[in-house]
Each structure stands twice: as C-alpha cells, then as structure tokens.
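What follows is a set of notes on a single structure, which appears directly below.
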Amino acid sequence: MQSRGPPRTIAAVETRGPSGTGARAAEAFVSWWRERRLRLGDLPPRHRRLSWLALGTAAASAVVAVAVGFGWNPPGGAQITAYGGSAPRFLIPWTCAVLAVLSFIIVASTAGSAWRFPWLVRASIALGGAALAAQTVSYGWIADETAAAGLAAARIAAWVGLAVAGSLLVIPQRLVDRRPLVISAIATVPFLVAVVVWATASGEASVELPDLVLSPRDIFAQATITVIGLLAASAGILVLWSIVLSSRQARDMGDGLSAAITPIPILFPLALAVKIVWLVLSYTGVLDWNAGAFSLSRSDGLVAWVLALVLVAGGGVWLTRSHTATPPSVDQTGIVVRWIGTGFAAVFIGAVVLGLMSAVFSVWPTTGPSEFLNDGIDWLVLGDALVPLWAIVVTSALAAAALVLIRRGGSTGHLWAGIVLTVWMAPRALELVFRVLEIEPPFDAPSLATIDALVTLLALVLAVLWWTGRQTAAPPQVLFLVLVVATLVAHPFKVLPAGWVDGRMFYLLMVYPLLYRFLFDSTSLNETEKEQRPGMILRTTGYVALLTAINAMLVASGRVAPGVEGFEGGLLGAVGEQYLLVPTAALAVALLIHDKTRDQSVRSSTSTRRWFWGEVAGTAAARKNRHR
C-alpha cells in the first residue's frame, strides 16, 4: 500500500473511518457556515437594532407566507373584497403595520452613503404611501356616494397622509443625514393613517352596492387590498432573485462535495460513472426521456448542439489553463449579473411603478392619467410578453458583447464575463427577434439538458487526461465541482428553488432568498469596508424584508399561488432558467476554481496520481480492517 501512495500509519488509516470522516465534515461545515452567515455584532447600535428589526419583520413575513400556503387560517375571519373571493381580515392591519415598519427602516438606511441614489429610494417609499392614502380617499368617496355618514374625518386624515407622502420628495438629503429617525417616522404616517381609518370606521353593513352590502370598514379595506394587488409583479423579482441564488447554491454544494474527495477519494469516479450511465440509458432510450430528464435535448437541432459544443469546449480550454486565466472578480461578476438582472426585472418594476402611480392619480379630477398608465401596464404584463422580453434580452446581449471589446483596467475579467454572456445570450436574442416578428426561428438555442450532457463528457475526457498525466490543471476536485454544478443547474428537481414551481415547495420559494442570503451567502456583506458596512447591511436587510413581506401579503390575499395564471409564469421560465441560470453559475464557478488553483500549488501529474490512488487504497484498506 505504501508503494502506491504516501506512508500511512494504522492510526491515520483508522481516523478515516465513518466517525472520523463525519466529525471532520461536520467541523468543516460549521466553520464554513460561521464565515458565510451574516454578522451584526460589530455594527453601531442604531444600525444593529434596525437590522435586527428588519430581519425579525422578514422572518415573521416568511412564517405567514409558509403558514398560509400550508393551510393556516389567520385570526379575524374573512375580509370581503371587490375582486372576487375573500382575504383574511388579519391582512389589512398586518399589511399597514409591516409597511410602516419597513418604510421606517429603509428611509433610515438612506442616511449616509449606503444608497447611490437615496432620493430615488425615498421616492419609492413615498409612492407606496401615496398610493395607499389616495386609494383610501377614493374609497371614502365611494362610501360617501352611497349615503354612508361620518366619513369626513377619515377622508381628511387620508388627504393628510397623501400630503405627508409627497413631502418625502422635497426633504433635502442633508436633513435626512442629520435627523434620519425623524424623517423615517414621517415616512410611516400614510400607512398608519390608513390602518387607523380602517379600524375606526363602522363595521355595520350599511353601504349598499349592486348585489352586495358592505360596511364602511369593508370599503376602506379595499384600499389596502388594491395596493397589494398593484405590488403583485414584485413576486417576479423574488423568483428571479431565487433563480440567481440557485446558481450560487449549486456552486456552494459543488464546492462542499468536491472538498469531500480528500477524505473520500472514490466519490468523484463513482459520481462520474453514475452520470455516464444515466446519460447512456437516457439517450439510447432504455430510460424514459422524462424520467431521464433529458427530454429537451430531443428538440435541439444541429445549430443548438454546435453552439453548446462551442460553449462547453471554451469552458474546457479555460479549465485546462485556469491557473493562469483570469475570471471576473466578485465585484465584476456582481456588476454584470446585477445589470442583466435589473434589465429582466425592469418589466416587473415598471408594472409596479405604473400601478402605484395609477393609484395616486385616482384622486385626479379626470381619469385620463390613470387610463394612460393602465394601458402601459397592459402592454407590460397582459399583452405579448415577448415584446418587452425581446427588448431586454437584445439589450443584455449587446451589453455582453460590448464587454468583450472593453477590457477595463487591463483585467481580463470583463472579457470572460462578456464571452460567457454573449455566447449564451446571443442565439436566444436572435430567436426572440424571429418570434416577435412572428417568424418561425430557423434554429433553436441549446437547452440546459444538452449543456449538461456535454459538460459530463468534458469531465470524463479531462478526468482521463488527468489520470494519464496529460493535464494537471483540472484535478478531480475541480472536475467534481463542475459536474455537480452542471447537474444541479440543468436538473434542479426539488434541490434548488429553480425547480420549486408547484405544490408546497412553491411557498418555500417565497422564503428561500431570505434564509440563504443571510445564513449562507453573506460573505460579501461581512467583508464590506468598515465605513460602508453598517449602511450596506441596513440597506440589504431592509430591502429583503420588504420583498419578503410583499410576497407574504400576495400569498395571504390569494394573488400568488402555484398554478395561478399570470404573466410571470412563462416569462420567468424563459428568463430564469434559459437566460440567467447558466451564465451566472458559469461565472461563479470560474471564480471559485481560479481562487482554488491560485491559492494552492498544483502537484505534478505523477505525484497527484499516486496521491489519489493512495487515498483510494487507504480507504479500501480501512474498510477491510473494520470488517475483520
């Protein structure tokens, strides 16, 4: 045994048993988790308290979303709505209270330099408050027209809320920096007014409408229900974010499994053999196409396979020189992916902004402005989704191509990011051009299943070259990482949120970004420069809490659920899985591989092979000794 690998003692062999390996794996996981979880202990008191408040609000919202999705009926009974069906009455005060708290936190985060455009952030909060106040005024008019009495004070209070929301737009930034908590308290006024008006209105059914008799309180509840509906597109932003996090989770899982090769070296050849058998059985038809999860490959034509081969071959070339090639840095990857992601999310953001503006203009003497804004919403979310999608994807593809030509600061990071995004985006952009023109595309872009099949073959080829000593740049740890990530991204099933589309897993998708971001993916927040870190953490926790709360409101109101028809479904399927998941995962894996090969010296081919097979022999000997 010693001639096949490094000298080993009996004690050393025995520590590689299940208990020793398990203990080391658990210790490694705890160490990894402590490094990546969000740390708030060193923040200034104000930032720390507000960050904990944001996280607590987000956690409460996540509990509500999952509980309602799993069948919980909130207290207070049902609230009649004008849109069919009913919502829990609990939703009205809870929504106003949560929006007030989060408005306070987000406006407070605009003090200092946490936001690049703090006025725009305050304007967003002001728009939400103004929309709720304006809807309260509008529904007060409806109650007035039906001879309900005693609503004058409520309407006056709602007008005050509308005026206070508008004041946030004219407050100078220096005043916000000097008195952040005072300005933050002002931001809560419209939401608090709305809930007070609702709570103090009469609960007796006295407002006669066609086929329905409501109480004034029921009338005012429609203001909150309407605003929640106008925020429905934000569910798309959450799902997009979850899909991006899917690629990072796949990278983290692949990294953890690749690290297990050291104590369990047989893991990689075993996984590779299983994957090859899976591919062979699927493509020969022995295994059902759907069961084999490679059914999409059947529709890929010659062009799709050639494009996939070019992309995977390029990845193979990079892998064999990963110790010298420079991938995009964390900042560069973040900039590129954030820019592309913002472009995709623009459809959802635009729908939300137009809807809130339409709600504000509901107090206008004429209906012209609201009708114009509603037409814009119809174009974005009710018409042919290919039109806005085409504009976004083509713009993104052009931006990626520009990154190929512009090498900023002498680094090749943007070059690599541009190449990956261009090769992946360009054929899809061209395909969309044909579909928008209502012409059948002459080719298909490669599917994720095709990419995964070719990546598996690449891993096999590079593994053989490594075992024969012909390449040393991509050892088993690197190849296992690539194999795991490609498999998870192409076949997420129930492991990654990209596959959580129906059943109760759908509701877990609503809380997944919150959990993963702050429990396992906060390294960038923890390593932010000391001066900027408090504001950055407060900004991030506030934004995530707001997004989580809005989606909990949508779940509770019945607007978001698995199988509910909406424009988000088809658009997210195309955008998330076909456009963002693969390039994001490729860039993240490239950066991780580069860091590993840069920080660790690469062994010679002979010593590496001896080490690897020595580990295999040692593991086999340990098992044999245990069975004696």
Side-chain angles (χ1 to χ4, degrees), residues 38 43-44 46-47 50-51 54 58 102-129 165 167-181 183-184 186-187 234 237-238 240-241 244-245 328-350 352-353 356-357 392 395-396 399-400 402-403 406 408-409 411 413-414 417 513 517-518 521-548 550 580 584 587:
L38 181 64
L43 294 180
R46 175 167 63 87
H47 290 80
L50 289 176
S51 296
L102 294 178
S103 296
F104 184 92
I105 294 171
I106 292 175
V107 171
S109 73
T110 62
S113 57
W115 295 92
R116 180 171 297 181
F117 304 106
W119 181 88
L120 188 59
V121 177
R122 282 190 284 116
S124 302
I125 298 298
L127 181 60
S167 70
L168 286 178
L169 301 177
V170 297
I171 294 176
Q173 183 60 37
R174 63 179 180 275
L175 184 58
V176 179
D177 295 337
R178 192 178 307 162
R179 295 286 187 270
L181 298 184
I183 306 304
S184 299
I186 293 175
S234 63
I237 301 175
L238 183 73
L240 282 177
W241 186 19
V244 173
L245 286 182
S329 67
V330 174
D331 291 338
Q332 291 170 330
T333 301
I335 291 171
V336 173
V337 173
R338 193 180 306 120
W339 196 94
I340 300 295
T342 301
F344 286 127
V347 174
F348 306 110
I349 296 173
V352 171
V353 171
L356 293 177
M357 290 178 62
I392 294 168
T395 303
S396 302
L403 291 173
I406 302 174
R408 296 167 53 180
S411 170
H414 282 84
R517 181 69 171 100
F518 295 127
D521 196 32
S522 292
T523 304
S524 59
L525 289 174
N526 294 331
E527 296 177 353
T528 304
E529 295 182 8
K530 186 176 181 180
E531 314 79 54
Q532 299 178 351
R533 188 166 177 268
M536 183 68 70
I537 289 181
L538 184 57
R539 181 188 82 176
T540 304
T541 53
Y543 174 75
V544 174
L546 180 62
L547 202 56
T548 306
I550 290 174
L580 281 182
T584 305
L587 294 174

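Numbers here simply count residues along the sequence, with the first being 1. Heavy-atom basis, side chains included; hydrogens, waters and symmetry copies ignored.
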Flag the pair [X] / [Y] as yes when at least one side-chain heavy-atom distance between them is below 4.5 Å, and no otherwise.
X	Y	value
S167	I186	yes
L181	R46	yes
L547	Y543	yes
M357	L127	yes

Between atom [atom1] of [X] and atom [atom2] of [Y], what is the distance when rounded to the nearest 0.5 Å?
X	Y	atom1	atom2	answer
Q173	R178	CD	CZ	11.5 Å
R539	H47	CZ	NE2	12.5 Å
T110	I183	OG1	CD1	9.0 Å
S124	L168	OG	CG	11.0 Å

Candidate list I125, L538, L50, test side-chain contact (heavy atoms from CB on, under 4.5 Å), partner I106, passing option: I125
Least distance between heavy atoms, [X] atom then [Y] atom:
X	Y	value
S109	W115	OG-NE1, 2.8 Å
S51	I537	OG-CG2, 3.7 Å
A165	A126	O-CB, 3.2 Å
P180	A111	CB-CB, 3.7 Å

Side chain to side chain contact (heavy atoms under 4.5 Å, CB included) partners for F518, two or more places apart: L38, L55, L514, S522, L525, T540, T541, V544
Main chain of [Y], side chain of [X]: is a donor-acceptor contact present, judged purely on distance under 3.5 Å?
X	Y	result
W119	L169	yes
S184	A108	yes
T528	R533	no

